[in-house]
There are 2 protein chains.
Amino acid sequence: MIKIAENTIKRLIVYKKELNRLKAEGKKFIYSHVLAALSGSQPHLVRRDLMAVGYSGSPAHGYSVKELESSISDFLCSSRQVKVILIGIGNLGRAIIDYCHKQNPKIAISSAFDIDPNKINKEYHGVYCFHIDTARNYVIENEIKVAIITVPDSEAQTIATALSDAGIRGILNFTPGRLRVPENVYVENADMMLYLEKVIYFVQNV
Amino acid sequence: MIKIAENTIKRLIVYKKELNRLKAEGKKFIYSHVLAALSGSQPHLVRRDLMAVGYSGSPAHGYSVKELESSISDFLCSSRQVKVILIGIGNLGRAIIDYCHKQNPKIAISSAFDIDPNKINKEYHGVYCFHIDTARNYVIENEIKVAIITVPDSEAQTIATALSDAGIRGILNFTPGRLRVPENVYVENADMMLYLEKVIYFVQNV
DNA sequence: ATCACGCTGTGAAAATAATCACATATTATT
DNA sequence: AATAATATGTGATTATTTTCACAGCGTGAT
Ligand SMILES: NC(=O)c1ccc[n+]([C@@H]2O[C@H](COP(=O)([O-])OP(=O)(O)OC[C@H]3O[C@@H](n4cnc5c(N)ncnc54)[C@H](O)[C@@H]3O)[C@@H](O)[C@H]2O)c1
Ligand SMILES: NC(=O)c1ccc[n+]([C@@H]2O[C@H](COP(=O)([O-])OP(=O)(O)OC[C@H]3O[C@@H](n4cnc5c(N)ncnc54)[C@H](O)[C@@H]3O)[C@@H](O)[C@H]2O)c1
């Protein structure tokens, strides 16, 4: 497969989000420069990025919103339902479950896990919470590939190791520490503090 | 000022975080290859990035943890206290206040704002919540430059516009929509759904 | 005192990403 | 049917980012 730049992937995900919104609004066609404006990108870059996807628009109408959305979805392989688990139903965990639930029907948090007896065997926005000790089996039996980690910092590494052993291939980590995982596990760190620092830098320096 | 790549800024922020941790652990010196491993970077890249900061290490011991941390802090201008406000004390807002509080003493959420009478005039992890209508004045009087937006999607644009008018220069936006703001306002979108999609892409394609 | 080692700092090279520029396609209009 | 207007797709170009390679330095060993 041809290597696609990480930035391209990030932008495609944003395009897809905007296209979904446009589709819901009933818009049929869109030009590269409009999509660029909506996505914080550039017309040239939109067209370049779409080369990777392989979908062609028409010079007259631009791109079919519906077809382009579905082409990008296919390209990103997120067209079928993807099952994800979440570990740690704390403040952040609950906010994420709520959000995910509303946001993208293609991505389903299929179960959550916690260690606190008060949280286990309850449902949060339709997501059932099990004891953490059952996570391993759950991952294996349901072939779960992606996990969201929102446990306290001190627990994150243990959880990440256990999940990797069980066959998890991707982790969205909200914990500030860096996780040590096998090479074939992809980790995305989502540390809000870093985003905030970035904002502060650009406010003070640009 | 010489233009610094956005990726460099992001990495410097991570280096700083790791250095802070090392400092707390009492480590005195560190080599570029060790810092690279801790930060998910490369030794060459660490050294290249540090050229922007202007701090020099010694070939014998590497970099002084304390001095390097403080040089990066100075460079990022985040050495003095920065005051930030948060709009929308919902699930996510509360999680962030709690987190920020624990995480970085240099960055203080100085106040929060909400529209719900049940939430106003209460304290959350030491952060007092005021009525949203007082936010404008607060920003002006206290010269607040950075805001975190965690209100419902439908309210985000209104809030962003009002804050921009009042002089806000940077926004960390947790809402899925794209905000239209004046050119001199820097917006960082922190949409977890996009991070999750990215993880899913890399799990399925790499 | 000298040497060997291993790291830093940085110019140069390579790789990657973004932008430009234009040939090509499609439609509306006359 | 010809023409004008406008947007796409992509080779070429430019800019940026990363990696390489090595000179130079400081330390500890001999
Ligand atoms: N990345 C961010 O922006 C951000 C924001 C807020 C919080 N955080 C981080 O996210 C994490 C969670 O934050 P929070 O505010 O939700 O904390 P929290 O304490 O509210 O929630 C943590 C949850 O994890 C559960 N838990 C503890 N140990 C566990 C284990 N071994 N297995 C399974 N579950 C376990 C707890 O019972 C609790 O329900 C922390 O690391 C925090 O630093 C990150
Ligand atoms: N980016 C992410 O990863 C992520 C995750 C979870 C939620 N979200 C988003 O963050 C936002 C908040 O999510 P939440 O779960 O905390 O929602 P929530 O409903 O729990 O909280 C929203 C808060 O905003 C307050 N509010 C409403 N209108 C307001 C106004 N005009 N001025 C001031 N305050 C106002 C409400 O009273 C409430 O306290 C939503 O847009 C959601 O989609 C994002």
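Basis for what follows: all heavy atoms, side chains included, without hydrogens, waters or symmetry-related copies. Sequence lines set the chain letters: A, B, ... in the order given, protein chains first and strands last, and positions in each chain run from 1.
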Output, in order, the C-alpha distance, side-chain angles, deciding distance and verdict of salt bridge (Lys or Arg N to Asp or Glu O under 4.0 Å) for Arg94(B) and Asp98(B). CA-CA 6 Å; Arg94(B) 283 193 302 271; Asp98(B) 182 24; over 6 Å; no
Can you list the steps and then say if Glu18(A) with Arg21(A) is a salt bridge (Lys or Arg N to Asp or Glu O under 4.0 Å)? CA-CA 5 Å; Glu18(A) 292 301 326; Arg21(A) 211 164 45 77; 2.4 Å; yes
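Side chains of Asp191(A) and Tyr99(B): a donor-acceptor N/O pair is present below 3.5 angstrom, by distance only. Residues Ser111(A) and Tyr138(A) have side chains that bring a donor and an acceptor to within less than 3.5 angstrom of each other.
In summary, Lys17(A) and Glu197(B) do not engage in a salt bridge, as defined by a charged side-chain N under 4.0 Å from a carboxylate O.
Straight-line distance from the NE2 atom of His61(A) to the P atom of dA5(D): 19 Å, rounded to whole Å. Between Met51(A) atom CE and dA12(D) atom P there is a gap of 12 Å when expressed in whole angstrom units. Taking atom CG on Leu35(A) and atom C1' on dT8(D), their separation rounds to 14 Å, with Å as the unit. As a whole-Å value, the separation of Tyr63(A) OH from dA7(D) C1' is 8 Å.
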I'd like a list of close polar pairs between nucleotides 13-20 of chain D and the protein, N/O only, cut-off under 3.5 Å.
residue: dT18(D); atom: OP1; partner: Arg11(B); partner atom: NH1; Å: 3.1
residue: dT18(D); atom: OP2; partner: Arg11(B); partner atom: NH2; Å: 2.9
residue: dT19(D); atom: O4; partner: Arg48(B); partner atom: NE; Å: 3.3
residue: dT19(D); atom: O4; partner: Arg48(B); partner atom: NH2; Å: 2.9

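Nucleotides of DNA chain C lying under 4.0 Å from heavy atoms of chain A occupy a range whose first and last members, 5' to 3', are dA17(C) to dT27(C).
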Review item, side-chain donor-acceptor pairs of residues 168-182 of chain B, under 3.5 Å, at least two apart:
residue: Arg169(B); atom: NE; partner: Asn184(B); partner atom: O; Å: 2.9
residue: Arg169(B); atom: NH2; partner: Asn184(B); partner atom: O; Å: 3.3
residue: Asn173(B); atom: OD1; partner: Thr175(B); partner atom: N; Å: 3.0
residue: Asn173(B); atom: ND2; partner: Thr175(B); partner atom: O; Å: 3.3
residue: Asn173(B); atom: ND2; partner: Gly177(B); partner atom: O; Å: 3.2
residue: Asn173(B); atom: ND2; partner: Asn189(B); partner atom: OD1; Å: 2.8
residue: Thr175(B); atom: OG1; partner: Val151(B); partner atom: O; Å: 3.4
residue: Arg178(B); atom: NE; partner: Leu38(A); partner atom: O; Å: 3.1
residue: Arg178(B); atom: NH1; partner: Ser39(A); partner atom: O; Å: 3.4
residue: Arg178(B); atom: NH2; partner: Ser39(A); partner atom: O; Å: 3.3

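The aromatic rings of Phe130(B) and Tyr128(B) are tilted relative to each other, their planes meeting at an angle between 30° and 60°.
Note: Tyr201(A) and Tyr195(A) fail the aromatic proximity criterion, with ring centroids not under 6.0 Å apart.
Neither OP1 nor OP2 of dA7(D) sits under 4.0 Å from any side-chain N or O of Ser32(A).
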